[in-house]
Number of protein chains: 2
Amino acid sequence: MKKTTIKDIAKLAGVSKATVSRVLNGSKYVSPEAYNRVMKVIEKTGYKPSSIARSLVNKKTKVIGVLITDISNPFYSELVKGIVEVANVYDYNILLCNSFNEFKKEVEFLEILSNKEVDGIIFMTKGVTDEHRNFLRSFKKPVVTVNRKVKEFKIPNVDIDNFKAGYDATEHLIKLNHKRIAIIRAAETDETAGVERFEGYKKALDDYKVPFDNRLVMEGDFKAKSGYKAMEKFLRLENPPTAVFCVNDEMACGVIKCVVENGLNVPEDVSVVGFDDIPLASLFIPSLTTIKQPIYDMGAVAMRLVYKLIKGEKIDKEDYILPHKLVIRQSTKKRN
Amino acid sequence: MKKTTIKDIAKLAGVSKATVSRVLNGSKYVSPEAYNRVMKVIEKTGYKPSSIARSLVNKKTKVIGVLITDISNPFYSELVKGIVEVANVYDYNILLCNSFNEFKKEVEFLEILSNKEVDGIIFMTKGVTDEHRNFLRSFKKPVVTVNRKVKEFKIPNVDIDNFKAGYDATEHLIKLNHKRIAIIRAAETDETAGVERFEGYKKALDDYKVPFDNRLVMEGDFKAKSGYKAMEKFLRLENPPTAVFCVNDEMACGVIKCVVENGLNVPEDVSVVGFDDIPLASLFIPSLTTIKQPIYDMGAVAMRLVYKLIKGEKIDKEDYILPHKLVIRQSTKKRN
DNA sequence: TTGTATGCGTTATCAC
DNA sequence: GTGATAACGCATACAA
């Protein structure tokens, strides 16, 4: 039993394929009688037109490619949630690619998305290599990035003001009277926003005349364990920090875990600030003071942007900076 | 500038479309000279065949539809990760549908996946209504479920032994000398595995002659907040539980949060067992004693199953039960 | 308003 | 080995 096609419908309804196609696409040039006959047959057979065939002629797939590094990372899963919800509103579906943090796979996936003829791409890659740029040069459909500015390309990027956010987090700690404020930042090689957050941190220290100490800077990989390990080293310092700013929440949890397992307390002995405000942040004990990123909204905005671009609307600006917010919870406290 | 097609390659290489197609598909009936000429042109132009057109003739899209309720739920994001990793190995891509826990959307998405002509579907829906069944009756391609047995259909289901797991968790608490063991279970209307876990709980109580008390049973929605609220009620009991078994980790964290905020301690005053072993479980303070589900593997196995089915291999059994494991951490303790 | 014919970019079936 | 040519399922320009 083959799948029913437009041809079958036409035959059953006693009209031509063209007419069926017309009712399918809501053309007004079709008589009520023909319309009804066709509709009846469609209902009876449960016929649904093949979107493959449609795509071939329309050059549109109604699919958006989404490329991320790790779907099991709460930040990305929340982002994807924002993307899919808006995509569904516009009748688009999501082809999900998970690069597992490998540059090579990222470029491969971009190629695949291109071959699959997705109507647009949203990506948050590990970084942007020349190969990424080569791809983008030849890819003619809408692309939007989140959290990653691709220099020299006028690709819209959805982000927050990471510099300011890093500044805000640090300033919060400074105002709580902390003098030795450590930071667990992103790797220097990481083209991620973590770097700008570090710049904000330095600026805040500078503005408030808090001396910058290189020993209070460690790199992390955004996983809890790296926060834990960094904190272990901080604690071994002859003069350990009384506050730690982590450029994401998971590392902050790792830091707290380390502090607690070393017989100290958060926030009594060490104040900790995270970044992102993933669900875990408010659930953790102590709950995390953190910089809230509107993650879901960022996904939603990105999706709306690709949609607009697909519809041919002009996008006036390249940077879509969403508001962040310092959320003060239990992990930070005034130092005596 | 139009996209280069097989026709262009043929012209540039001075051969026919058929020959180009042959080199593309690795046919051996093509002379080395022709092969080289074609390959050279392909390289130079960076030509990639349209998978849309291919799909139309092959009736294969190399896409698997994945339907879940909530990608931001760590359980599902980990599961999806397992799915995509294996899918990539087999050169398949994932069309992700997020039902946001609405029955109606679930069925809609199934229809969409069908129209998009995905080669197979993996789904973990909220439940299975008659409409789901109707769809499955007419859908002729491979379907695999995770964590949800569709009765009366011989659809492979990947799962753990939820009854046994619920038993194990409860037994652990009983052996720690707890007599008043509460459970936060899934709603009775929920067709989810949470129900079987409850059965396991009851059986364990029965086997060990621990009296079952209906007041120690609450329903949760798998979110932390519902665990928190349930625990509030338990604490108001004249004779509160000394141990709580939650059918997922997030509710367990909510329970602990509630206990702590009421001036009590975990595990000293109340022991708590979770379920799933999501990353949060080991990170939490205190770290969670929980039933570890091999979530990633479940995704991987499900994907391998659809792949086999697509390849026409016969699947001998319907139930793929993966091993679970009781992981004892800090949230449970012997009662004096 | 309707039907015919053509094309979308491939693969597959033929002859040659 | 290779090249026409007919599908695949749909949309659409053109005729009628």
Side-chain angles (χ1 to χ4, degrees), chain A residues 1-39 41-42 45-63 111-112 114-119 140-141, chain B residues 1-39 41-42 45-63 91 112 114-119 140-141:
Chain A
M1 185 186 86
K2 297 180 73 267
K3 200 176 183 321
T4 70
T5 74
I6 196 172
K7 204 173 168 182
D8 304 321
I9 304 299
K11 191 176 295 176
L12 287 171
V15 296
S16 73
K17 294 191 299 179
T19 300
V20 178
S21 178
R22 287 189 191 101
V23 340
L24 246 29
N25 295 290
S27 162
K28 46 186 179 176
Y29 301 112
V30 48
S31 69
E33 302 81 55
Y35 178 88
N36 287 329
R37 282 217 307 284
V38 170
M39 282 308 271
V41 176
I42 287 180
T45 56
Y47 163 77
K48 296 278 166 53
S50 154
S51 40
I52 300 283
R54 273 192 166 163
S55 298
L56 189 58
V57 13
N58 288 334
K59 264 102 181 54
K60 282 176 194 154
T61 54
K62 286 283 191 177
V63 172
E111 294 288 354
I112 290 174
S114 172
N115 299 153
K116 293 266 182 194
E117 270 142 286
V118 294
D119 293 344
K140 297 304 175 198
K141 294 178 182 167
Chain B
M1 186 186 85
K2 298 177 76 269
K3 199 176 183 323
T4 70
T5 74
I6 196 172
K7 205 173 167 183
D8 305 319
I9 304 299
K11 190 176 296 177
L12 288 171
V15 296
S16 71
K17 293 192 301 180
T19 299
V20 177
S21 180
R22 285 191 191 99
V23 342
L24 245 30
N25 294 289
S27 161
K28 48 184 179 178
Y29 301 111
V30 47
S31 68
E33 302 81 56
Y35 179 87
N36 287 329
R37 281 216 308 283
V38 171
M39 281 307 271
V41 177
I42 288 181
T45 56
Y47 163 78
K48 295 279 166 53
S50 155
S51 40
I52 299 283
R54 275 191 165 162
S55 297
L56 188 59
V57 18
N58 288 334
K59 264 103 182 52
K60 283 178 194 152
T61 54
K62 285 286 191 175
V63 173
D91 250 359
I112 290 174
S114 172
N115 299 153
K116 293 267 182 193
E117 271 142 286
V118 294
D119 293 343
K140 296 304 175 198
K141 293 177 184 170

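We use all heavy atoms of the structure for the numbers below, so side chains are in, but hydrogens, waters and symmetry mates are not. Residue numbers start from 1 in every chain, and the chains themselves are labelled A, B, ... in the order their sequence lines are given, proteins ahead of strands.
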Per atom distances to the B:R22 side chain, the nearest of D:dC8, C:dT13, C:dT10 is C:dT13

Closest non-hydrogen atoms of B:K3 and B:K48, given as atom of the first, atom of the second and distance, are NZ-O, 3.8 Å

Strictly distance-based, threshold 3.5 Å: is any side-chain N or O of B:S21 a donor or acceptor partner for the main-chain N or O of B:K17?
no

Test item: A:S51 side-chain N/O and B:N115 main-chain N/O as donor-acceptor pair under 3.5 Å:
yes

Inset, instruction - Determine yes or no for a side-chain-to-main-chain donor-acceptor pair under 3.5 angstrom, with B:K116 supplying the side chain and A:T61 the backbone. - result: yes

B:K48 atom NZ is separated from C:dT10 atom C1', nearest whole Å, by 17 Å

Axis-to-axis angle across the helix from C:dT1-D:dA16 to C:dC16-D:dG1, five pairs each end, nearest 10 degrees, ~ 50°

> So, is A:R54 close to the D:dC10 phosphate, meaning a side-chain N or O under 4.0 Å from OP1 or OP2?
Replying inline: no

Between A:T5 and A:Y47, the two heavy atoms sitting closest are C-CE1, 3.6 Å

Closest heavy-atom pair, A:S55 versus A:K60, reported as atoms and distance to 0.1 Å, is OG-O, 3.1 Å

Minimal heavy-atom distance between B:D119 and B:K59, with the atoms involved, is OD1-O, 4.3 Å

Between A:E117 and B:I52, the two heavy atoms sitting closest are OE1-CG1, 3.8 Å

Rounded to whole Å, CG of B:N58 lies from P of D:dC8 at a distance of 13 Å

- request: Just call it for A:S50: base, sugar-phosphate, or nothing, with non-hydrogen atoms closer than 4.0 Å on any strand.
  value: sugar-phosphate

Establish, with yes or no, whether the OP1 or OP2 oxygen of D:dC8 is under 4.0 angstrom from a side-chain nitrogen or oxygen of A:K7.
no

So, with a heavy-atom separation below 4.0 Å from DNA chain D, the residues of residues 12-19 of chain A are A:K17, A:A18

Residues A:V23 and A:Y35: closest non-hydrogen pair is CB-CD1, 3.9 Å

Taken to the nearest whole Å, CD1/A:I6 to C1'/C:dT2 is 14 Å

Under a 4.0 Å heavy-atom cutoff, the residues of residues 28-37 of chain B touching DNA chain D are B:Y29, B:V30, B:S31, B:A34

Among the nucleotides C:dC8, D:dC10, D:dA13, whichever has the atom closest to the side chain of A:L56 is C:dC8

